[in-house]
Amino acid sequence: MKIDRLELRLLTLPLVQFFETSFSRVHDKHFLIVRLDADGVSGYGECVADRDPYYSAETNDTAWHIITEFIAPRVLGTEFAHPREVFPALKAIRGHNMAKAAVEMAAWDLYARQRGEPLSRALGGTRDRIASGVSIGIQDSLDQLMGKIEKELAAGYQRIKIKIKPGWDLDAVERVRKTFGQIPLQVDANAAYTLEDAATLARLDPFKLLLVEQPLDYDDVMDHAVLQKQITTPVCLDESIHTVRIARDAIEAKACQIINIKPGRVGGHQASIELHDLCAAHGIPVWHGGMLESGIGRAHNIHLASLPNFSLPGDIAASKRYYQPDLIDPEIDIARDGTIEVPKGPGIGVNIVRERIEKATLRHLSL
Ligand code: OSB
Ligand code: MG
C-alpha cells in the first residue's frame, strides 16, 4: 500500500462519568484520530495521549507536532508491503510511541480493509470473543465505590479493577472483599507509591488480589523487582513498559509476573505482538489495558486482545460506560457472560459515524 493522504483531527467527547486516577480526575476526553488513505481505502487509528503529560510524557499537542512534522513525511508516498514495516520506518524518531501508534494502527486497519479481512486475522488473533473487565476510578466515598462495583458485577464483567493511591487503598480493598467476597479483583496505583510504602503494599497480600498494577514510578524497573520480593501479590507493569526491550529487562529482573499491553504505549500493533510473544515465551500472562478510548481505539484493542496470550480479562468494556453516543454505530457491548465479540467485518469492523466525528472535532488537518 502506498499511503497518499493523512488526515489528523483533535476531538473532544464528554465522559459519561468522571474518571479519577492517582494523578488526575477527568470529565472529558481529548484525543487525536488519524485517517490514512491508500488506493481509495481508508484506515483509522486513535492516539491515546491526553491533554496533560500525567500518565505519559506525551500529550495531544506533542503527538500533533510529531505526526505532522516527523511521521507524515516518512509515511506519505511510501510503499509499505505490510503494516509491520511502519514502526521500523519511524525508528529515527526517539520515543513518541503514542504518536507512532496512532499512525501505525491506522495502517493496520487500512491493510486489513484492503484485504477484506478482520484486523484480528491480520494480527494473528485466535479467538472470536474476548474477556472483559472494568477499571473503576477513585470515587468520592467508599459507599459510592461499592455502588459502582455492584452495578458492573450485575452487568457481567469478569473482573473488577479499582484505582488506588495512598489513603485510598487498604480500606477500599477491605470493604470490597467484605461486601463482595472473593470476586476477581485487582488494583492499579498508577505509580503513586515508593519503596518506602512496601509495608503498606504488603498489607494487601491477605486480600488475594489478582495483581497490583504499577505501584512504583512510571520509569522504574529495579525498585519493582525489590518490591516483588517483599509482597506476594503479583506485580503487573503498565507505565514502565515503553518498549519490548524494557519488558525483556523487567522479566529478567523479576520486576513483574504479569504485563499490561497498551498498543499506544509501545508504538502500535507490531510492537504489541512482539511484546505479547516475548511474554508468552517467558510464561508471563498479559491482558489488554485501556485508555478510555472511543469506539475506534476500542475496536483496535478488541482485535489485538484476540491473540492467545491475552489470558486475563482486559480493561476493554462497553462503549456506554464511556461515551453516549460513541463515534461508532452500533456501539460496543458486552454479553451476559462478560465477553465482547471480535468484529467480523473488514479492518476494525465498526461503522464510524462521520457526523459524530465532525461534531466532536476541535482541529483538523489534511496532509
Ligand atoms: O492505568 O490503566 C491505566 C485510564 C487512563 C489512563 C491510565 C489508565 C486508565 C484506566 C482506564 O485504567 C481503563 C479503561 O477503562 O479504558
Ligand atoms: Mg494502569
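Order of listing sets the numbers, starting from 1, for every ligand and every atom in it.
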So, 2.8 Å as the limit: is an N/O/S atom of Asp238 located closer than that to the Mg ion (ligand 2)?
yes
Identify whether the distance between the nearest side-chain nitrogen and carboxylate oxygen of Arg35 and Asp37 falls below 4.0 Å.
yes
Would you call the rings of Phe18 and His27 parallel, tilted or perpendicular, taking 30° and 60° as the class edges?
tilted
Below 2.8 Å, can you find an N, O or S atom of Glu239 next to the Mg ion (ligand 2)?
no
N, O or S atom within Glu213 nearest to the Mg ion (ligand 2), by name
OE2
If you measure every N or O of Asp238 against every N or O of ligand 1, does any of those distances drop under 3.5 Å?
yes
Within-cut-off N or O pair, Lys161 and ligand 1, under 3.5 Å
yes
Check Asp188 and report its N/O/S atom nearest to the Mg ion (ligand 2), by atom name.
OD2
Protein contact of atom 6 (C) of ligand 1 - nearest heavy atom, named by residue and atom, plus distance:
Met291 SD, 3.6 Å
heavy-atom search around atom 1 (O) of ligand 1 in the protein gives Asn190 ND2, 2.7 Å
Looking only at protein heavy atoms, identify the closest one to atom 4 (C) of ligand 1 and say how far it is in Å.
Phe19 CE2, 3.6 Å
Residue part near ligand 1, for Val134, under 4.0 Å between non-hydrogen atoms
neither
Residue Lys163 vicinity, atoms of ligand 1 by number, heavy atom under 4.0 Å
1 (O), 2 (O), 3 (C), 8 (C), 9 (C), 10 (C), 12 (O)
Anything under 30° is parallel, anything over 60° is perpendicular, the rest tilted; go ahead and classify Trp108 against His269.
perpendicular
Presence of salt bridge, Asp326 and Arg321, under 4.0 angstrom
no
Does either side chain, that of Asp337 or that of Thr339, offer a donor lying less than 3.5 Å from an acceptor on the other one?
yes
Does any N or O in the side chain of Arg265 come within less than 3.5 Å of the main-chain N or O of Asp238, such that one atom is a donor and the other an acceptor?
yes
Side chain, backbone, both or neither: which applies to Lys262 and ligand 1 if a contact is any heavy-atom pair less than 4.0 Å apart?
side chain
For the OH atom on Tyr218, are there more than 12 heavy atoms of other groups (residues, nucleotides or ligands in this structure) within a distance under 6.0 Å?
no
Residues Thr12 and Asp28: side-chain donor-acceptor under 3.5 angstrom:
no
Checking a contact table here: which protein heavy atom is nearest atom 16 (O) of ligand 1, and how many Å away?
Leu292 N, 2.9 Å
Can an N or O of Tyr322 be found at a distance shorter than 3.5 Å from an N or O of ligand 1?
yes
Taking atom CZ of Phe207 as the centre, report whether more than 12 heavy atoms of other residues, nucleotides or ligands fall under 6.0 Å from it.
yes
Asp50 contact mode with ligand 1 (heavy-atom cut-off under 4.0 Å)
neither
Would Gln214 count as a contact of ligand 1 if the rule is a heavy atom under 4.0 Å away?
no
If you measure from the Lys or Arg side-chain nitrogens to the Asp or Glu carboxylate oxygens, is any gap between Glu355 and Lys359 under 4.0 Å?
no
Shortest reach to atom 9 (C) of ligand 1 by a heavy atom, considering only Ser135, Gly290, Gly133
Gly290
Ligand 1 versus Asp188: contacting region, heavy-atom distance under 4.0 Å
side chain
For Tyr322, does the six-membered ring have the charged nitrogen or CZ of Arg298 within the cation-pi criterion, i.e. under 6.0 angstrom from the centroid and within 45° of the normal?
yes
